[in-house]
Visitor: 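Structure provided below as structure tokens; questions to follow.
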Protein chains: 2
Amino acid sequence: MATVLVCDDSALVRETLHRALSSVPGITRVVDASSGEEALARWPVERPSLVLMDVRMPGIGGVEAARRLLSRHPEAIVVMVTMAEDADGVARSVAGGARGYLVKDASREEVAATVVYALSDGLARRTVPAPRSNDANVSAPPLTEREMQVLTGMSRGRSNAEIGKELYLSEDTVKTHARRLFRKMGAADRAQAVAVGFRWGLIR
Amino acid sequence: MATVLVCDDSALVRETLHRALSSVPGITRVVDASSGEEALARWPVERPSLVLMDVRMPGIGGVEAARRLLSRHPEAIVVMVTMAEDADGVARSVAGGARGYLVKDASREEVAATVVYALSDGLARRTVPAPRSNDANVSAPPLTEREMQVLTGMSRGRSNAEIGKELYLSEDTVKTHARRLFRKMGAADRAQAVAVGFRWGLIR
DNA sequence: GGACATCTCCCACGGATGGGGGATGCCAAG
DNA sequence: CTTGGCATCCCCCATCCGTGGGAGATGTCC
């Protein structure tokens, strides 16, 4: 059922993670990427349930890759893999939107527990905000770039007119985007939209 | 440094959790509660970094205890302990605001990983949202109970009139509470208030 | 008793919000 | 080429929101 995308430049580490993942029930497929760029390219194709992303890699690092991935696909679930459990690493990964982190020398069971946790957490976040009645959409309908920008503006306390000025749009256009994102999110007003945005991990 | 409150009616389970917690670096104190009511009473005294809460207990169950605890102290971090990994249990715990769940027959390492995860997540949530600029308030001015209720209503997309009906207040009174919580939170409107509420950990 | 916080309610007002339409252009997918 | 999604803009309109000031009713703390 579930696919995991393992992103690490070291084949050795990927091997280790493969072995750890094999003991997680429900994981039916493991796909590899050896760079952040490759992970970004593969995600839309594979649409994995979970991404295990190394922090330090050649090219764009894991933190940057996670940031880009999550900005394009906020529904992605990313767990960072770090060398040492430095507080900075944890802070930066979670600041980037990752759901958790793993230390590379973690035991098989720790990896398994973290994976299960991340997945169940993701599951819960997407199933819990469900108790709305007239949502036509079961799966999370992705917001467009404009809708995201409008939503962000709302979370900052901007009025529609102010958002329009910041984005060089007319207020009417902002209102149109707002109306559509309310529908997608099942929100009655901007306040609820912001709340749903946080729960869906679209805003931080 | 960190204190953990273990809440379970079974002394045997508490023992097991104690042993598992002993292998988590940074956990310096473990306090017990044998019922949901006791956990509620002990929390303000101990102010633990983490609460491990059994779902099924005599009296108010763990789900209800977690709900009440989180409504009174939204900054609490709760991990539910369940018998079997039923999807319903997971959904209900996380719906109640818990950070995760543990299966009772989990291995020592699984418990350790989940505890670390929950704590680091809580840490990140509280340390990351620092980069705000023009907030006059460095320390969080506490919201009153009414203000919290109004804020929660807003995050659910309720209008002032609807919040008033739910709390048996006039709409004018709701507006008064709203005005004051906007000032305390430095918010321009309800949307920004909800955003700040999430960043301060007042809403989940 | 007096200071203080909290909670409650009132009135009035301008402006913002959200919903309903409709319209145009663009571009990629079929 | 036609369909569909996205973005852009326009109109109208009922309702809601946020803010101003005022005021009484509880408590608690010293």
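Each chain gets a letter, A, B and so on, in the order the sequences are listed, and its residues count up from 1.
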Visitor: Nearest-Å distance, CG (B:Leu169) to C1' (C:dC10)?
Guide: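 To the nearest whole Å, that distance equals 14 Å.
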Visitor: Please report, rounded to the nearest Å, how far the C1' atom of D:dG20 is from the CZ atom of B:Arg183.
Guide: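 Spelled out: CZ on B:Arg183 to C1' on D:dG20 is 9 Å.
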Visitor: Is B:Thr144 touching bases, backbone alone, or none of the nucleic acid, heavy atoms closer than 4.0 Å?
Guide: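 The answer is sugar-phosphate, as B:Thr144 gets under 4.0 Å only of primed atoms, P, OP1 or OP2.
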Visitor: Under 4.0 angstrom, heavy atoms only, what part of the nucleic acid is A:Arg190 near: base, sugar-phosphate, or nothing?
Guide: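 The answer is sugar-phosphate, as A:Arg190 gets under 4.0 Å only of primed atoms, P, OP1 or OP2.
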Visitor: Determine whether any donor atom in the side chain of A:Arg180 lies under 3.5 Å from an acceptor atom in the base of D:dG5, or the reverse, and answer yes or no.
Guide: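 No, no donor-acceptor pair under 3.5 Å.
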Visitor: For a quick test of reading the model: is some side-chain N or O of B:Asn160 closer than 4.0 Å to OP1 or OP2 of D:dC17?
Guide: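 Result: yes.
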Visitor: Is there side-chain contact between A:Arg146 and A:Thr173, with heavy atoms separated by less than 4.5 Å?
Guide: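 No, every pair of side-chain atoms sits at 4.5 Å or beyond.
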Visitor: State whether the distance check finds a donor on one side and an acceptor on the other, under 3.5 Å, for side chain A:Thr176 versus base D:dC9.
Guide: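 Checked by distance alone, the answer is yes.
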Visitor: Is there a donor-acceptor pair closer than 3.5 Å between any side-chain N or O of A:Glu38 and the backbone N or O of A:Ser34?
Guide: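 Checking the backbone N and O of A:Ser34 against the side chain of A:Glu38, a donor-acceptor pair under 3.5 Å is found.
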Visitor: Atom NZ of A:Lys175 and atom P of C:dG22: how far apart are they, to the nearest Å?
Guide: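 Distance, rounded to whole Å: 18 Å.
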Visitor: Considering every strand and a 4.0 Å limit on heavy-atom distances, what is the contact class for A:Arg179: base, sugar-phosphate, or nothing?
Guide: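 Base: the residue A:Arg179, judged by heavy atoms under 4.0 Å, touches a nucleobase.
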Visitor: Might you point out which heavy atoms bring B:Ala188 and A:Gly157 nearest each other, and give the distance in Å?
Guide: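 Smallest interatomic distance, heavy atoms only, reads CB-O, 3.7 Å.
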Visitor: Could you state the CD-C1' distance from B:Gln149 to C:dT8, rounded to the nearest angstrom?
Guide: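 So the two atoms are 14 Å apart, to the nearest Å.
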Visitor: Above 12 or not: heavy atoms from other molecules or residues under 6.0 Å from CD of B:Glu145?
Guide: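 Count not over threshold, so no.
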Visitor: Atom CG of B:Leu151 and atom C1' of D:dC17: how far apart are they, to the nearest Å?
Guide: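 Going from B:Leu151 (CG) to D:dC17 (C1'), I get 16 Å.
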Visitor: Between D:dG18, D:dC17, C:dC9, which nucleotide gets closest to the side-chain atoms of B:Asp189?
Guide: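 Of the candidates, D:dG18 comes closest.
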Visitor: To the nearest Å, how far apart are B:Glu171 CD and D:dG18 P?
Guide: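 So the two atoms are 11 Å apart, to the nearest Å.
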Visitor: In whole angstroms, how far is the C1' atom of C:dA23 from the CG atom of A:Asp172?
Guide: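 So the two atoms are 13 Å apart, to the nearest Å.
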Visitor: Which nucleotide, C:dC10, C:dT17, D:dC11, lies nearest any side-chain atom of A:Ser159?
Guide: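 Between C:dC10, C:dT17, D:dC11, the one nearest the side chain of A:Ser159 would be C:dT17.
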Visitor: If you assign each of B:Ser170 and A:Phe182 to its closest nucleotide in DNA chain C, which residue comes earlier from the 5' end?
Guide: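 Upstream on the strand: B:Ser170.
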Visitor: Whole Å only: how far is the CG atom of B:Leu143 from the P atom of C:dT6?
Guide: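 Whole-Å distance recorded here is 10 Å.
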Visitor: Of all the choices, D:dA7, C:dT17, D:dC17, which nucleotide is nearest to the side chain of A:Arg146 once you look at every atom?
Guide: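 Ranking D:dA7, C:dT17, D:dC17 by closest atom to the A:Arg146 side chain puts D:dA7 first.
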Visitor: I want to check one thing: is the phosphate of D:dC9, taken as OP1 and OP2, less than 4.0 Å away from some side-chain N or O of A:Thr173?
Guide: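 So the side chain of A:Thr173 is within the cut-off, an N or O lying under 4.0 Å from OP1 or OP2 of D:dC9.
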Visitor: Using side-chain hydrogen bond (donor to acceptor under 3.5 Å, both in side chains) as the criterion, point out the one residue from B:His177, B:Lys175, B:Glu171, B:Arg190 that pairs with B:Asn160.
Guide: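 The passing option is B:Arg190.
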